Every structure is written in C-alpha cells, then in structure tokens.
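Notes follow the structure.
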Amino acid sequence: MNNTKKLLVKLTPYETFFFGGERTFGEGNVNYNYFVKSEYFPQQTTLLGFVRYQLLSQSNNGIFRKNKIINERKAIELIGKESFDVNKKFKFGVIKNLSPVFIADNNNYYLFTANREYQWINKRKPEKDKNGNLINIKETKEFKFIDFTKNKNGKCRRTSFKEFIPYADNYDPKLGLNDILINRYFIKKLYDYNPKNKTDSENGIFIKDRQVGIKKNYEGKTDEKDYFVHVYLKLLEDYSFAFILELDANAMFGSKETVTMGCEQSKFKMDVLEIKKEFDELLPNYKSSSTLHKVVLISDTYFENTLLKECLFSISDTISFRFLKTSVSKTKNYAAMSRDNKDKSKTGKSGKYELYKKGSVFYFDDEDKAVNFVEKLKDYDNFYQIGYNHSKFVKKN
C-alpha cells in the first residue's frame with residue numbers, strides 16, 4: 001500500500017511578482033539598496049515555507065486559526081518543528097520531498113533551465129528571386145549549441161591548473177552563453193521577453209516591470225539618496241511556476257484561487273493535481289557532447305569544492321544563498337527579523353552560502369566519475385529532499 005501521494009503544484013501569478021535574493025535579504029532589504037531586481041525563480045526554501053503555511057491554513061483539526069498556531073504538538077506533527085537548516089536533517093512532518101521548481105504551460109509542456117552551452121546568434125539569410133538575383137537579406141536569430149572539449153595543444157602555464165584549455169569551435173566570447181529554457185521536444189525559450197520579437201517562437205517568457213520612486217523618512221521628507229529602482233517580473237500568459245510535492249497520503253493540500261508568496265506577498269492562483277509520473281520523466285533530453293561525458297545541474301546545488309577533483313572543467317556560475325530560520329515553539333512574530341539571531345521570538349537568518357546555479361555543466365572523461373558525481377550530490381540529503389542538488393548525467397555521443 002502506497003502511503004504517500006505526488007502532487008503537481010502550479011502557481012500562476014496574477015500580476016507582477018518579486019522573489020528576493022542576496023540584495024533583498026535581511027539587512028540587504030529593498031529599503032537599503034538603490035537597484036533591486038527580482039530573481040526569476042523562487043528559492044526552494046521559499047517553496048518549502050509556502051507548503052508548510054498552506055498545510056497549516058488548510059488543516060481543519062484545530063491546529064491553526066487567524067494566522068496563529070493553536071495546537072503546537074499537532075503543528076509539529078504536520079509541518080515539523082523548525083524551518084530548513086543546512087546542518088539539520090529533513091524533518092517536516094507530512095512533507096516527504098519537493099522537486100526543483102520549473103515552468104509549466106497550459107499544454108502541460110514543462111520547461112527547465114537548459115545546459116549553459118547555447119549561444120543566441122544573428123543569422124543573415126539571403127533571399128533571391130526566380131532569376132537568382134538578390135532581393136533581400138533576412139536577419140534572424142537562433143540558438144546554437146557550443147560543443148566544448150579539451151584542447152591538448154593549449155596548455156595552461158600555471159601548473160596548478162589542468163594540462164589543457166577548454167575549447168569550442170565557433171564560440172564567440174563577446175556573445176557569451178545564454179540562460180535559456182528547454183523542454184523534452186527541444187523547444188527553447190530565452191529567460192527575458194523582448195517585445196520587438198513578438199513573432200519569434202523562441203522568445204523569452206519573463207517580462208520586466210521597472211518601477212522607480214523615492215522613499216520618505218519619518219518626517220515625510222525625501223532625499224536624492226533615497227531614489228530607488230525595483231525591477232519586478234511577470235510571466236507571459238499561459239505560463240506558471242510548478243513543482244512536484246510528495247506528501248503523506250492523507251495530508252490535505254488542494255487548489256486555491258489566491259495564495260501569496262515572495263517577499264512582496266505576490267498573488268498567485270494555485271492548481272494542485274495528483275500525478276503518477278516521476279520528476280525525472282518530465283526532464284528534457286539534454287544535448288550530449290561529442291568527446292566528453294557531462295553532468296547538468298537541474299537545480300541550484302550545494303557541494304564542497306573537493307568534489308570537483310575528478311571534474312575536467314565546467315561552465316558554471318554561482319548564486320548567494322541564505323534562508324530564514326523559524327521555530328514552531330519559539331517564533332511568535334514571523335514578520336519581524338532578528339538581526340543578530342538572539343531574539344528567538346522573531347525570524348532569524350542564516351549565514352551566506354554559495355550555490356552552483358541551475359544549468360551549470362561539469363565535464364568528465366570517465367563515465368564512472370560523472371555518475372559518481374551525481375550520486376555524491378544526492379548525499380547532501382537535506383538539500384536534495386527540498387529540491388536542491390538535482391542533476392542529470394549526459395553520456396557523450
């Protein structure tokens with residue numbers, strides 16, 4: 001008998017949304033920074049906090065009333081005693097697993113951050129008449145896969161580095177590599193939507209909404225230093241954030257017309273559907289490389305750098321990561337921040353960590369080393385169960 005259930009949770013923003021990062025956390029609050037931009041995706045810890053709150057609010061056995069926990073013992077059984085912590089085990093009551101967040105559309109196509117090996121290039125296509133005369137040059141853009149390999153003739157001068165330099169034909173460092181989204185059918189989307197490319201089927205899905213203003217102090221006065229710019233985001237119509245949630249079979253977690261999430265309490269429509277598919281069945285078929293095996297990060301990922309010793313090289317980037325610290329029994333004011341973490345009645349904050357960003361690629365010349373790398377990432381089980389540290393091995397072609 002199966003004692004758990006898997007739910008596909010879709011969160012469709014009604015308007016703009018704002019997901020905080022390092023520059024909007026605690027003392028780096030939006031009120032202290034001149035320019036602040038929303039992250040594209042919510043953190044997995046944000047999703048976990050959201051799920052825990054929804055479980056409380058949808059419970060009907062006297063646990064939660066008027067936004068307050070009434071029965072502490074039952075609340076701990078339902079959602080766990082404390083929020084996520086890097087150094088603690090995954091113990092969140094009826095919550096068993098969260099998948100990494102991804103994008104879903106109304107046709108149930110699922111988009112994930114692709115391996116960061118694509119360039120967005122300009123292409124000139126000549127158009128000729130029936131006599132072969134040039135009548136026009138049509139300019140288009142397309143994604144080009146960049147196949148990186150080892151260049152044995154380009155050794156590094158520093159002996160502490162590898163005895164080769166990564167190399168790729170037709171790679172233009174001026175253009176760089178793009179963050180793009182891809183599904184199982186190799187339909188690709190940029191992150192950012194460009195209104196000038198409305199007819200482009202490979203255009204982005206995130207729309208920027210720039211807002212400017214000037215803060216006022218307690219006397220109602222303003223200062224030029226208080227000028228700020230906030231960049232909110234929207235999703236194109238028919239797109240939603242999504243993740244797979246595994247719960248105890250008898251846990252109550254259903255659809256709602258309006259829920260809030262994010263540091264600006266952005267509003268979303270939540271649709272919940274029980275599914276049988278495993279998370280891995282939704283993933284795209286990442287394009288393989290010609291000479292090397294590789295591991296593609298599906299989610300932001302934490303690991304110690306000693307794990308890189310078997311890796312030849314990588315195309316990677318990092319993102320700063322912090323998490324909020326709360327306790328069912330001690331936290332009384334979830335809206336207030338304890339800056340020194342001494343006041344346990346308020347929400348605390350963690351130290352800063354660095355995660356490797358989703359879409360990063362790690363290259364190997366040995367298949368066993370690549371597979372072992374994937375398994376070692378899962379060993380950080382509290383990260384893995386919350387939806388971090390997910391990756392996919394891609395065998396060379």
Side-chain angles (χ1 to χ4, degrees), residues 12-13 40 102-151 153-154 165-210 231 233-242 281-294 296 298 315 317 358-361 363 392 394-397:
T12 308
Y40 291 102
F102 52 94
I103 299 292
D105 67 15
N106 284 354
N107 296 316
N108 289 325
Y109 289 151
Y110 306 116
L111 290 161
F112 295 82
T113 298
N115 37 318
R116 296 194 74 248
E117 299 166 289
Y118 291 90
Q119 246 179 4
W120 184 237
I121 62 170
N122 292 316
K123 192 171 183 180
R124 296 167 63 86
K125 183 179 180 180
E127 295 182 341
K128 298 181 180 180
D129 62 20
K130 60 183 180 181
N131 297 319
N133 299 315
L134 181 66
I135 57 174
N136 186 32
I137 295 180
K138 186 178 180 181
E139 291 192 0
T140 61
K141 286 189 174 184
E142 65 179 35
F143 294 110
K144 181 174 70 173
F145 176 76
I146 308 295
D147 191 1
F148 285 88
T149 185
K150 295 190 298 184
N151 181 3
N153 296 322
I165 293 176
Y167 172 78
D169 285 324
N170 301 318
Y171 169 61
D172 186 346
K174 292 182 179 179
L175 295 176
L177 297 169
N178 295 102
D179 287 317
I180 67 171
L181 298 160
I182 189 171
N183 68 10
R184 290 183 68 85
Y185 307 99
F186 283 100
I187 295 174
K188 306 179 190 70
K189 298 282 185 181
L190 283 164
Y191 271 30
D192 291 328
Y193 178 76
N194 185 348
K196 295 180 180 179
N197 296 333
K198 290 183 179 179
T199 59
D200 192 335
S201 61
E202 294 183 331
N203 202 356
I205 66 168
F206 291 97
I207 304 170
K208 293 180 180 178
D209 183 7
R210 185 185 179 97
V231 180
L233 294 174
K234 295 179 182 179
L235 273 179
L236 280 183
E237 190 176 356
D238 299 333
Y239 288 95
S240 309
F241 295 104
E281 295 179 64
L282 308 182
L283 294 175
N285 299 308
Y286 297 104
K287 188 173 177 62
S288 58
S289 294
S290 60
T291 60
L292 297 172
H293 305 292
K294 62 191 179 188
V296 179
I298 300 164
I315 300 171
D317 198 359
K358 59 172 73 74
S360 295
V361 186
Y363 296 85
K392 187 171 183 178
V394 183
K395 190 173 183 176
K396 68 181 180 182
N397 57 29

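Remember, predicted model here, so these are calculated numbers, not experimental data.
- When the side-chain hydrogen bond (donor to acceptor under 3.5 Å, both in side chains) test is applied to D129, the partners found at least two apart in sequence or on another chain are N133.
- Sparse packing is recorded around CD of E237, with 12 or fewer heavy atoms of other residues, nucleotides or ligands lying under 6.0 Å away.
- In this structure the side chain of L233 reaches within 4.5 angstrom of the side chain of Y40, judged on heavy atoms.
- Rounded to the nearest 0.5 angstrom, I121 CD1 and N170 CG are separated by 8.5 Å.
- Under the 3.5 Å distance criterion, the side-chain polar atoms of K150 are left unmatched by any main-chain donor or acceptor of T291.
- For the atom pair CG (L292) and OG1 (T149), the distance works out to 4.5 Å, reported to the nearest 0.5 Å.
- The two atoms that bring V394 and Y286 nearest to each other are CG1-O, 3.7 Å, heavy atoms only.
- When all heavy atoms of I315 and L177 are compared, the pair lying nearest together is CG2-CD1, 3.8 Å.
- Of the possible donor and acceptor atoms, none in the side chain of N115 sits under 3.5 Å from a partner among the backbone N and O of E117.
- Enclosure of atom CZ in F145 by more than 12 non-hydrogen atoms of other residues, nucleotides or ligands within 6.0 angstrom is indicated.
- Ring planes of Y118 and F143: perpendicular class, angle over 60° (limits at 30 and 60°).
- Within a 6.0 Å radius of NZ in K234, other residues, nucleotides and ligands contribute 12 heavy atoms or fewer.
- At least one side-chain heavy atom of I205 sits under 4.5 Å from a side-chain heavy atom of L235.
- Within the model, atoms NZ of K396 and CG of D147 stand 12.0 Å from one another, a figure rounded to the nearest 0.5 Å.
- The closest side-chain heavy-atom distance from Y239 to K189 is below 4.5 Å.
- Scored by the side-chain hydrogen bond (donor to acceptor under 3.5 Å, both in side chains) test, T12 finds S240 as partners (sequence neighbours excluded).
- Residue L283 comes nearest to I298 through the heavy atom pair CD1-CD1, 3.4 Å, listed as atom of the first residue, atom of the second, then distance.
- Evaluation of the side chain to side chain donor-acceptor pair (under 3.5 Å) test over residues 174-188, restricted to residues two or more places apart or in two chains, returns R116-D179.
- The two residues S290 and N397 come nearest to each other via the heavy atoms CA-OD1, 3.1 Å.
- Rounding to the nearest 0.5 angstrom, the gap separating the OG atom in S288 from the NZ atom in K294 is 6.5 Å.
- In this structure, CZ on F112 lies 5.5 Å from CG on L282, to the nearest 0.5 angstrom.
- T113 and Y191 share a side-chain donor-acceptor pair at under 3.5 Å.
- The backbone N or O of G204 lies less than 3.5 Å from no partner atom in the side chain of D192, so there is not a single donor-acceptor pair.
- Atom CG in D172 sits 5.5 Å away from atom CD in Q119 (nearest 0.5 Å).
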